[in-house]
A.B. asks: 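One structure coming up, written as structure tokens, with questions to follow.
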Amino acid sequence: MKNLSSKLFKTTFVDTFPGDDSGSTLPRQTLGVLYSKALPTPVAKPQLIAWSAELADSLGIAEPNPQDIQILGGNLVTPTMYPYAACYGGHQFGNWAGQLGDGRAITLGEWEIPQGNTWELQLKGAGPTAYSRRADGRAVLRSSVREYLMSEAMHYLGVPTTRALALITTGDKVARDMFYDGRAADEPGAIVMRAAPSFLRFGNFEMLASRNEIDNLTQLVDWTIEHFYPHIEGEDKVLRWFGEVVERTATMIVEWLRVGFVHGVMNTDNMSVLGLTIDYGPYSFLDNYDPDFTPNTTDLPGKRYAFGQQANIAYWNLSRLANALVPLISDADKLERQLKTYEEVYWRKYYAMMANKLGLDGIKDDDDIALVAKFENVLTAIQPDMTIFYQLLIDLPTDIATEKDMLNYFFSSLYAKPEQADATQLYTLLKSYQARLSANTCTREESLLRMRKANPRFILRNYLLHMAIEELQKGENQLFLKLQQALKDPYSSSHNEFFEMRPAWATEQAGCSMLSCSS
């Protein structure tokens with residue numbers, strides 16, 4: 001175990017690629033480079049609020065000492081670090097936005113883990129960079145708490161994700177206009193140390209292609225394959241690599257749908273080429289089951305990034321990445337065919353996931369496909385609490401004889417009494433479902449085990465985060481600590497105090513239902 005302050009960091013990325021070494025944070029276009037040097041801006045009083053001990057252990061990082069806390073706050077850079085902000089572009093809400101880049105994230109360097117690989121350690125909220133445009137490069141406590149807790153929650157749910165190592169308050173105030181309505185207010189500042197094998201995004205490759213920097217694009221693709229897909233070799237390696245990005249992206253989306261996660265900002269600059277969930281902004285888990293739900297105020301009224309649209313948007317985003325790779329592949333038709341494998345991969349993984357959620361021994365025929373579709377349609381009509389509904393489904397009694405009995409059983413998951421026709425459809429569906437369960441080739445015990453592994457009992461609901469943030473802003477951390485513990489064991493009944501529906505007051509409360517990108 002090594003301390004952040006004593007470890008020799010690696011700087012493979014900056015040693016490999018051209019960058020702007022001036023250290024200037026003047027907002028500008030940075031043509032011909034993949035990064036710009038960016039020293040963190042010191043803060044008044046860095047204080048450690050949270051530390052992910054399990055992640056630290058896996059990376060071989062010792063518990064932070066006072067010097068390490070200065071690093072986490074951006075007040076200290078060791079000699080082997082090379083802080084930089086990455087240059088990338090992206091499609092935002094369907095439109096090409098040009099150069100974006102790390103506007104408030106600064107990578108310190110690469111940490112070699114005990115297994116021999118490296119992880120990128122990055123400070124989010126550590127001050128301005130060349131890509132901050134008109135912003136200050138800072139982050140506030142509310143957004144930082146949300147990023148820290150959700151990064152770790154998704155890991156323990158089994159969803160591919162970037163991680164969060166530490167949460168620091170800075171002792172400084174940061175002005176934010178939370179809803180872009182001209183009412184800016186000072187909020188406590190904070191910094192999250194994020195960790196991932198890489199934070200490379202679709203937008204890194206799009207940026208180079210858009211500028212016709214083909215040599216840099218070629219080098220970045222080769223470097224990415226060598227470091228993160230080393231099993232891929234041969235003349236067709238770029239095509240095969242893209243195919244694996246397609247598969248990893250489909251896997252990530254299916255896992256989002258399994259747990260009811262809505263990202264909220266699926267721009268191409270927020271899509272990882274490692275298939276990791278990246279950039280936790282206006283996200284949410286579903287409370288009531290609504291495929292049209294988006295947690296992002298900026299996404300209204302089109303709801304481009306709503307829960308039920310995420311699979312389609314992932315395909316669209318992959319098509320943008322494919323376009324960026326066209327200069328590197330002689331046969332564009334092969335690239336298009338590789339892109340189109342997404343549909344087959346997605347549906348195969350989706351049906352396998354739904355089989356587990358429903359405790360089936362597989363989706364074997366058209367009748368099983370129709371059963372899954374019926375669940376989707378009925379849940380959309382009734383809109384029960386997704387998490388609680390599936391928990392109740394695990395222990396669904398075999399002797400529910402009437403619609404009334406059925407509604408009584410699912411009462412704790414219902415935000416509103418269903419219309420009679422919808423209640424009848426649910427009753428009919430459950431009877432068909434039980435008949436299908438009886439045809440399983442696996443045992444009932446195996447069926448239940450699949451369901452308990454696929455259906456979380458604890459999710460990090462927005463209203464719980466809102467309450468924890470309010471407490472932290474008052475100097476209290478009891479709920480924060482409880483949530484930090486609960487998220488590590490989301491499939492057990494150890495934290496039943498959080499096993500309840502969203503309260504009525506949270507429906508319209510700012511920060512509980514809808515959020516903006518402002519942080």
Side-chain angles (χ1 to χ4, degrees), residues 13-14 16-17 19 30 33-36 38 84-107 110 119-124 129-133 147 151 154 159-164 192 194-211 213 216-217 219-225 227-229 238 241-242 244-253 256 263-281 283 305 310 313-325 328 339 517:
F13 185 82
V14 298
T16 302
F17 297 103
T30 57
V33 303
L34 278 71
Y35 65 88
S36 294
Y84 71 90
C87 177
Y88 50 80
H91 281 82
Q92 298 191 324
F93 298 95
N95 300 304
W96 176 243
Q99 177 181 289
L100 298 168
D102 287 331
R104 59 196 172 102
I106 297 175
T107 294
E110 298 144 19
W119 273 52
E120 190 176 327
L121 299 185
Q122 186 179 89
L123 298 179
K124 185 172 181 179
T129 75
Y131 310 108
S132 298
R133 289 168 284 177
E147 173 129 20
S151 299
M154 292 284 271
V159 180
T161 182
T162 56
R163 301 290 299 276
V192 174
R194 308 197 296 185
S198 173
F199 287 93
L200 281 171
R201 308 141 187 274
F202 290 10
N204 290 86
F205 302 85
E206 287 184 283
M207 187 77 267
L208 298 174
S210 74
R211 290 175 168 170
E213 296 178 14
N216 282 340
L217 177 63
Q219 187 180 14
L220 180 60
V221 170
D222 288 344
W223 186 85
T224 302
I225 295 171
H227 283 79
F228 307 111
Y229 296 82
V238 177
W241 167 68
F242 177 68
E244 291 207 19
V245 175
V246 169
E247 180 161 5
R248 289 195 190 191
T249 301
T251 298
M252 178 186 72
I253 297 298
W256 288 4
H263 186 282
V265 202
M266 285 182 66
N267 299 327
T268 58
D269 55 296
N270 292 336
M271 297 291 292
S272 159
V273 293
L274 300 187
L276 305 174
T277 312
I278 192 171
D279 282 358
Y280 290 96
Y283 64 76
Y305 299 143
Q310 293 180 128
I313 292 298
Y315 178 79
W316 191 90
N317 288 345
L318 285 162
S319 74
R320 301 308 96 190
L321 177 59
N323 283 346
L325 299 177
L328 308 187
L339 171 65
C517 293

A.B. asks: Rounded to the nearest 0.5 Å, what's the gap from CG on Leu220 to OG1 on Thr224? Could you check?
C.D. replies: 4.0 Å
A.B. asks: Would you check if the side chain of Gln99 reaches a backbone N or O of Thr30 as a donor-acceptor pair within less than 3.5 Å?
C.D. replies: yes
A.B. asks: Relative to the ring of Trp96, is the ring of His91 parallel (under 30°), tilted (30 to 60°) or perpendicular (over 60°)?
C.D. replies: tilted
A.B. asks: Is Phe242 close to Leu339 at the side-chain level, that is, under 4.5 Å between some pair of heavy atoms?
C.D. replies: yes
A.B. asks: Would you name the heavy atoms of Val245 and Tyr229 that are closest together and state the gap between them?
C.D. replies: CG2-OH, 3.8 Å
A.B. asks: Hey, what do you get for CD1 (Ile278) to CG (Asp269), rounding to the nearest 0.5 Å?
C.D. replies: 9.0 Å
A.B. asks: With sequence neighbours excluded, what pairs up with Phe17 under the ring pair (Phe, Tyr, Trp, His ring centres under 6.0 Å) test?
C.D. replies: Phe13, Trp223
A.B. asks: Report yes or no: does Thr277 contribute a side-chain atom to a donor-acceptor pair with the main-chain N or O of Thr162 at less than 3.5 Å?
C.D. replies: no
A.B. asks: Determine the minimum heavy-atom distance between Gly103 and Ser132, stating which atoms define it.
C.D. replies: O-OG, 2.5 Å
A.B. asks: If you take all heavy atoms of Leu274 and Pro197, which pair is closest and at what distance?
C.D. replies: CD1-CB, 3.9 Å
A.B. asks: Side chain to side chain contact (heavy atoms under 4.5 Å, CB included) with Val221: which of Asn216, Asn204, Val273, Leu325?
C.D. replies: Leu325
A.B. asks: Please tell me if the side chains of Met154 and Tyr283 come closer than 4.5 Å, counting only heavy atoms from C-beta onward.
C.D. replies: no
A.B. asks: Is any side-chain N of the basic residue among Arg194 and Asp279 closer than 4.0 Å to the acidic one's carboxylate O?
C.D. replies: yes
A.B. asks: When you measure from the side chain of Thr129 to the backbone N and O of Ala85, does any donor-acceptor pair fall under 3.5 Å?
C.D. replies: no
A.B. asks: Please determine whether ring pair (Phe, Tyr, Trp, His ring centres under 6.0 Å) holds for the pair Tyr305 and Phe93, giving the CA-CA distance in whole Å, both sets of side-chain angles, and the decisive distance to 0.1 Å.
C.D. replies: CA-CA 8 Å; Tyr305 299 143; Phe93 298 95; 5.3 Å; yes
A.B. asks: With a 4.5 Å heavy-atom cut-off, do Met266 and Ile253 have their side chains touching?
C.D. replies: yes
A.B. asks: Are the side chain of Glu147 and the backbone N or O of Ala164 linked by a donor-acceptor pair below 3.5 Å?
C.D. replies: no
A.B. asks: Calculate, to the nearest 0.5 Å, the distance between atoms OG1 and CG belonging to Thr107 and Asp102 respectively.
C.D. replies: 6.0 Å
A.B. asks: Would a 4.5 Å heavy-atom cut-off, applied to side chains only, mark Cys87 and Tyr35 as touching?
C.D. replies: no
A.B. asks: Any side-chain heavy atom of Arg320 sitting closer than 4.5 Å to one from Phe202?
C.D. replies: no
A.B. asks: Would you check if Arg133 and Leu100 make a side-chain contact, meaning some heavy-atom pair closer than 4.5 Å?
C.D. replies: yes
A.B. asks: List the atom of Ser198, the atom of Phe228, and the distance in Å for their closest heavy-atom pair.
C.D. replies: CB-CZ, 3.4 Å
A.B. asks: Which one of Met252, Arg201, His263 satisfies the side chain to side chain contact (heavy atoms under 4.5 Å, CB included) criterion with Met271?
C.D. replies: Met252
A.B. asks: I need the Tyr315 OH to Thr249 OG1 distance, nearest 0.5 Å.
C.D. replies: 13.0 Å
A.B. asks: Could you give the distance from CG (Leu34) to CD (Glu213), rounded to the nearest 0.5 Å?
C.D. replies: 7.5 Å
A.B. asks: Measuring from Leu200:CG to Tyr88:OH, what's the distance to the nearest 0.5 Å?
C.D. replies: 10.5 Å
A.B. asks: Within the 3.5 Å criterion, strictly below it, is a donor on Tyr131 or Ser36 matched to an acceptor on the partner's side chain?
C.D. replies: yes
A.B. asks: Looking only at heavy atoms, which two atoms of Arg163 and Ser151 are closest? And how far apart?
C.D. replies: C-CB, 3.9 Å
A.B. asks: Between Asn267 (side chain) and Gly90 (backbone), is there a donor-acceptor pair under 3.5 Å?
C.D. replies: no
A.B. asks: Mind running side chain to side chain donor-acceptor pair (under 3.5 Å) on Thr161 and Tyr280 for me, showing each step along the way?
C.D. replies: CA-CA 10 Å; Thr161 182; Tyr280 290 96; 2.4 Å; yes
